[in-house]
Each structure stands twice: as C-alpha cells, then as structure tokens.
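All figures in this text were calculated on a predicted structure; none of them were measured in a lab.
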Amino acid sequence: MKNIFQIKKHLYVIMSGIILGTALLYSCTDNFAEYNTDKTEVMQIGPEQLPSLFSKTQYEGSNWLTTDNYVRMSGAAAMHLCGFMAVPSSWGGHNELRKGWCDAGFEKMYSQGLPPLFSILNMTQGEDGYEAEYGVALIWKVFLMHQLADIWGPIPYTKACSGEKTIPYESQKDVYYLMFEDLKTAVDILKSRQGENAFGDGDLIFNGDVSKWTKLANTLRLRLAMRISNIDSQKAKVEAEAAAAEQTMASNDDDAFMNVVGLNRGNGISRVVPWIAMVMSASMESVLKGYADPRMEKFFSAVKYDEVFDGDGYPEELKANTGGYHGMANGYAQESEINYFKSYSNFGAYFEHDNHEVPINIMHSAETWFLKAEGAWRGWNMGGDAKSFYEKGIEVSIKQWRGNGISEDSIQSIVNSMNTPVAPNNYGYNDPAMTDIPVKFSADSEKQYEQIITQKWLALYPISFEAWSEYRRTRLPKIYAKKTSANGRIDLSKGMIITRFMFTDSEKASQPGEVDKAVQLLGNGNEDLDNVPLWWDVNPNGN
C-alpha cells in the first residue's frame, strides 16, 4: 500500500478557497495580524499534525461562539434576531447590523476555519487506516458549512479551499443536496468503525469518539431535512426517515460541547457577562415565568443591585426589578439609556468564568427529540409519536440544565402543566403574554406544532444561529417584534424581519462576477438584501 503520507510527505495547507483581497480591513478586530497574514503560505504537515489540525478547524470554525468573534456574530446578530436576548442599538438591536461585523464571520470561516479541515479531508480520503478521520472530518465540514448557507444562502461548497483563482458559488438547494450526500457517506464509513478513535484529544468535542460523531451526523441530517420541509417536502421526508432509522443523539451523554480549557481564547458568553449589555428578552421572560420553567435560573441570573439605580431620574419601575428575573423589550426605543440594561437579567452563573473556560454549546441531544416530534407530526416515520417525542425532548433539556437529580414526578408535573406564558414586565411597553399555549401537549394539531417549536426554541438556548434559522423557517415561537427598526429595509409595520446577511464586501471586490451569480441564485427578485428570504424560507417577509 502506498500511504498518502509517503506520497505527500510535505503537503501544504490549502489556501483559503475565497480570495479575500490584500487586506481584511474591517472595523473592530482583535486579530488584525492574524487576518492580514498571507493565506497562501505553505505549511509542511504530516500524520502527526492531524489532531492539531482538527483542533484548529474546530476552534476557528466555532469563532462565532468564542471570545474572538462572539460579539460581532452571535451577540450583535443571532442572539437577538432569534429572540433569546435583547441588545443595545449599537449591537444591531434596532435591526441595523454592522456590515463589517457580519462580513467577519464569513471571512474568518473561509480563511481560518475551513483550510485545516480541507487539508485533513485531502490527506485522508481513500487512505487505509484513516477512514475514521475522514468520516469525522466530513461531518464537521457539513456542520460548519450548513451554518454559512443558512446565513448567506448561496455559498462556495464544492470548490471551497481548492486553491483555484475563481471559486464558484452554488445555490442553497444544491449545497443542501451535497451536504446530505456527505453525511450519508460519512455515516456509511463510520458504521464499520464504531469503537474506534479519530484524532484523540485533538477532538475538542468528543475526544475522538467515533460513535458519538455518528450520532451527531444522523441528528444533523435530521436537522437539515426539517429545514427544507416547507420547500422540498419529499426530499425532506426521505432524508428525515433515513436519519431517524439510524442511531441519533438521545441522552445528555451525547451532547456536543467544545472544551476550551487551556486555550488562548474561550467561550464568548463568559466574556460579555461582565458588560451587562446583553440581557434576557421579554419573550424569554413571558415563556419561562409563565411555565414556571426550572431552566430559567440556569439560563439567566436575578437582577443585581447597581448604584446606577440611585441616579436622578432612574425609573422606579426598573429599580423594582432588583432580585427578580426580568426581560427587556427587543429594539428598546431609547438607545441612550444603556444603563437600563442593568435592570434586566444577565446570563446565568453557569456562564461566569474569569478565564472564559466554560464549555461551548455546539449541539444538544434534546434537539433530536423535537426534530422527531415534528417529523411525526408531519406524518413521517420517526419510530414513534409526536407526543412522546415532545415530552422526551422537554425531559432531556431540563436534565441537561438541572442534572439527573430532578425527580421523575417533577418532570411529569412539567410536561403535564397547563400553565401558559405571562405578560412580561418589560418597562415602557407592557406587552401581553407572548402566546397562550400550555406545556401539556394539545389535541389541536396547529397548537401542537407551536408547542413543539416553542419548546425546541428553549432547548436550543444558547445556540442562537440554529434558533434564528428555525425562527425564519417557522416564524415560531411568537416572539415579540422589535420595537424599533433603524434599517429602512426592515419595515416593522409590515411585520418584516432580517432574513439573511448580505454578501461580503471582500468577495464583491475579489470576485464580483461570482457574487453577481450568487445574487441571481438567491431568486426572490435577485437582490442582495437582508430582507430577502432564503430558499427554504417560504414565509412572506411582510404582510
């Protein structure tokens, strides 16, 4: 056998598949030098570098969740667009997202997250003894790139990181079909590799456990199938049923968390906790309080007294929030009143860590049960019924946050509760309850659907980009609309929301022809705008 490492003893790390221009000069970057190094520089690597390459692609590919890029991508976009948190207007809270911050996510992924991954794929594909590494790397490829597709729409997939001068964009539909193929290939490979280890402790998520990666792949396939269920229902059904017939993430032992202990950067949430500039949303308050949900005190913290409360003119209504759990209205109109944020609930104590070494939430097993619940609700063969899956999802999520010590009686009390959301104490607006659905599974089909998606939303916390994708797909849960929009393209009076990020300025400069083609692939009037729905989003964006 000719080993790939004999043939390619000094294989170079493939340059970024996207020509980013001579310099990535966008505002507020903590990594100027890193972004402005030569992305075509040759690195000599061999088999002993595979684990470190995988660590690199995992960590850099998760930059939206780390201290590196959390504020720009998660904090200033998905965390409030999905309804989890409220943020200041300067962070996009009024629908005016910072273009440079949004561009940073795309550029970082293609320049830092994907190149080491494609090096692994090229080194291991078809090579005896490296099947497990190839299969796991293929799963991670889909995991990273489905997020890109669900934010921008058309993306480079087939030729990404190929080193070619021009990298073509592909339609979101084509990318999804390719991702399904890649996941099937990976699972077929890994089925005969159960019990093996890939990358060892270079795998920051599962420590190389191939069986757990196989389960994640099947759950990811189920996630992607559900995403296209409203636009490509037959394909969605085929893929979902195939995924559900395999081993999927089931218990919290299967949860995917990234270990960041000892790394030079860590969990981005831990970094922003001291700032108190990202707080519980009114939507979260309405649901969690109404349901008397035991996850509330884990997700968020009670409002702490601050000396700013004693200042002249500070609202008495907000001073009274001290000691309680309170959510702020998204898009609060008075942008100058940043101190008001201190009167609302910050992230929970779980996320507090001076060195930011809190494990990063990548994917929760509870999601599997809600995906299966929706599939069963649609009449697909998920191996069970919607009610049982729905209730199991609630149980698994609660145990994720409260531990297995919570009694079965308590779990049953929660899933059978007729409590409904309450009116939040959102100063200045006093909104009514977000919705009227109880936790107990309804006999009404329409309400069942809302219940499944609402509880799934809670179970996804704080994985905001997935929650935002699901909100765009379903327009559920019925989160409160933003109170203010400084973005002229997002007309709140028409019920409009931000549905995607616009293509990056660096790509428009470096390969304008391909970006023009990508805009045509968007459809929907062929405009590169943030109010254009993606392929799988069939909802009218505005009444």
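- Y350 has its ring centre less than 6.0 Å from the ring centre of W401.
- For Y134, the side chain to side chain donor-acceptor pair (under 3.5 Å) criterion is met by Q125, not counting sequence neighbours.
- The closest donor-acceptor contact from the side chain of N539 to the backbone of R472 lies under 3.5 Å.
- Heavy atoms only, all atoms of each residue included: L534 and T499 are closest at CG-O, 4.1 Å.
- Between the N330 side chain and the K482 main chain, no donor and acceptor come within less than 3.5 Å of each other.
- In this structure, T219 contributes its side chain and M249 its backbone to a donor-acceptor pair below 3.5 Å.
- Between W152 and F501, the ring planes are perpendicular. Angles over 60° get that label, and only those under 30° would be called parallel.
- Within the cation-pi definition used here (under 6.0 Å to the ring centroid, within 45° of the axis), K289 does not qualify as a partner of Y325.
- Using a 3.5 Å distance cut-off with no hydrogens or angles, the side chains of N487 and S485 do not pair a donor with an acceptor.
- Using modelled atom types, one side-chain atom of S270 and one backbone atom of F351 make a donor-acceptor pair closer than 3.5 Å.
- In this structure a side-chain-to-backbone donor-acceptor pair under 3.5 Å is present from R473 to M226.
- Under the 3.5 Å distance criterion, the side-chain polar atoms of T214 are left unmatched by any main-chain donor or acceptor of V187.
- When all heavy atoms of M382 and K372 are compared, the closest pair comes out as CG-O, 3.4 Å.
- In this structure, N230 contributes its side chain and V538 its backbone to no donor-acceptor pair below 3.5 Å.
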R223 and F143: CA distance, side-chain angles, deciding distance, side-chain contact (heavy atoms from CB on, under 4.5 Å) verdict: CA-CA 11 Å; R223 172 193 280 185; F143 186 85; 4.2 Å; yes
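- Aromatic rings of F300 and Y461 (six-membered ring for Trp) have centroids within the 6.0 Å cut-off, being under it.
- Within 6.0 Å of NZ on K517 lie no more than 12 heavy atoms contributed by other residues, nucleotides or ligands.
- Within 6.0 Å of NZ in K184 there are 12 or fewer heavy atoms belonging to other residues, nucleotides or ligands.
- Centroid-to-centroid, the aromatic rings of F206 and W140 stay 6.0 Å apart or farther.
- Inspection of the N218 and Q247 side chains reveals no N or O donor paired with an N or O acceptor under 3.5 Å.
- Here the closest heavy-atom approach between residue F503 and residue P154 is recorded as CE2-O, 3.5 Å.
- For Y344 and N425, the side-chain atoms include no donor-acceptor pair closer than 3.5 Å.
- For S251, the side chain to side chain donor-acceptor pair (under 3.5 Å) test picks out no residue, with sequence neighbours left out.
- The CD atom of E107 sits 5.0 Å away from the OG1 atom of T504 when rounded to the nearest 0.5 Å.
- When atom types are taken as modelled, the side chain of R193 and the backbone of V210 share no donor-acceptor pair closer than 3.5 angstrom.
- Using modelled atom types, no side-chain atom of K392 and backbone atom of A373 make a donor-acceptor pair closer than 3.5 Å.
- Not a single donor-acceptor pair under 3.5 Å links the side chain of Q455 to the backbone N or O of I394.
- In this structure, the side chain to side chain contact (heavy atoms under 4.5 Å, CB included) partners of P438, at least two apart in sequence or on a different chain, are M418, T420, Q451.
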